[in-house]
Amino acid sequence: MRIFKFGGASVKDADGVKNVVNVLKEVGHENTLLVVSAMGKTTNAMEDVVNAYFKDKASLSAAVHEVVKYHNDILMDLFENEKHPIYGRVKALFEEVQGFLAWNKSPKYSFVYDQVVGYGELVSSVILSAYFNEVGITNNWLDVREFIKTDDNYRDANINWEDTQKRVTEGIDRSKLNITQGFLGSDENNFTTTLGREGSDYTAAILAYCINATDVTIWKDVPGVLNADPRYFENARLLNNISYREAIELAFYGASVIHPKTLQPLQRKEIPLHVKSFIKPKDKGTTVGKGVGIEPEVPCFIVKKNQVLMKLSSLDFSFIVEDSISELFKLLHDHRMKVDLIQNSAISFSVCVDNKFGKLQDLLDLLKSRFKVVYHEDVSLYTIRHFDAESIASLQNGKEILLEQRGKETVQLVVK
């Protein structure tokens, strides 16, 4: 069995849904499991719903209405008969969202987030499943929350591999075309959990691992894995082949095409990963698998925006050593800061972090009681794998470099 994953860009409108059908007709859909993301920017819109629930109840109804209208417009383009059962099914899902927001008593943002935001994937997958049946592609819709079991670390849940393996092995009919959701799981109390933003790729890898898939294909709006994000860099080139190790390095540093967690379960069972274009499905794209390095061998550029650079110095000129560093990392962990770069000297410690959970100010308040703190918000972290002098010069030109760090194969620059 093989896994196909279609992201939000591939199903952002009715034409996108129809194009997925065309892709399946071109490449076949036998013994395939489809993992589907929320449509277009629905996840962002659902986050707006959660934010309205906590911060501006007066705008909550309008925020929900925007999401409902967006999906209804797609439905009307796909299903001319407004009495088609899919209309009722989608309506019922959104009523579940509104019902939850009405009776919920939990004040915990992350818990509410997971119960609400994941409906984007549920609605997307039921629409695709219904449309496939409408055009003669028989399929089986699956609720991924019944298969992927996690802990209750909401918004970034950890997989219970043993339970997930058992459920996938026993519950998925491999002889059919199956459609399910990315991004989602459920905890031991059957509350919805999410696997982190862009977690649909990870879902595909989890399911591939559990069913011993022949391969995984991620369908994107780019021709494959490029050596740079074309939104930020000119003359990006397609990488034809990448080893697991190299792809994991690129993902770790923030390459946007592949989710950082995706590659580990695939590598363990040597399941090939293909990244291909849903616009030109017959093109080769990029293959990630067992092998050495990358082909072609060119510098690879990665940028992470909206980072925070903090420089901590001891107040009494004492050394920042093991005890201090251990305490610092505990604070970073407790405030859910993702550390992207560290650099230290005898009396200072610099760290570039991703403040995705919005806890920077709480962390700074604690740090300032122990250290002299200088910090810069909204900085960019540039990484170049397989750098050369020309590639470094192209990034340094006209930019204020706050921190630079070099290794044998990788250079990183924090830029204001």
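Numbers for residues simply follow the sequence, beginning at 1.
Proximity of a side-chain donor or acceptor of E66 to a complementary backbone N or O of A62 within less than 3.5 Å is not detected. The backbone N or O of S37 sits nowhere less than 3.5 Å from a side-chain atom of E121 that would complete a donor-acceptor pair.
A cation-pi contact, defined as under 6.0 Å to the ring centre and within 45° of the axis, links K57 to Y53. Note that K69 lies outside the cation-pi zone of F94, set by a 6.0 Å cut-off to the ring centre and a 45° limit from the axis.
Counting only heavy atoms from C-beta outward, the side chains of N19 and D15 never approach each other to under 4.5 Å. By the 4.5 Å heavy-atom criterion applied to side chains, E246 and L239 are not counted as neighbours. In this structure the side chain of F147 never reaches within 4.5 angstrom of the side chain of I206, judged on heavy atoms. Within the 4.5 Å cutoff, the side chain of L341 has no heavy atoms near those of the T383 side chain. Here the side chains of K149 and N190 are in contact, with some heavy-atom distance below 4.5 Å. Within the 4.5 Å cutoff, no side-chain heavy atoms of N227 are placed close to those of F233.
For the atom pair CD of Q181 and OG1 of T194, the computed distance is 13.5 Å after rounding to the nearest 0.5 Å.
Of the candidates D340, I401, V308, L403, V414 forms a side-chain contact (heavy atoms from CB on, under 4.5 Å) with just one, namely L403.
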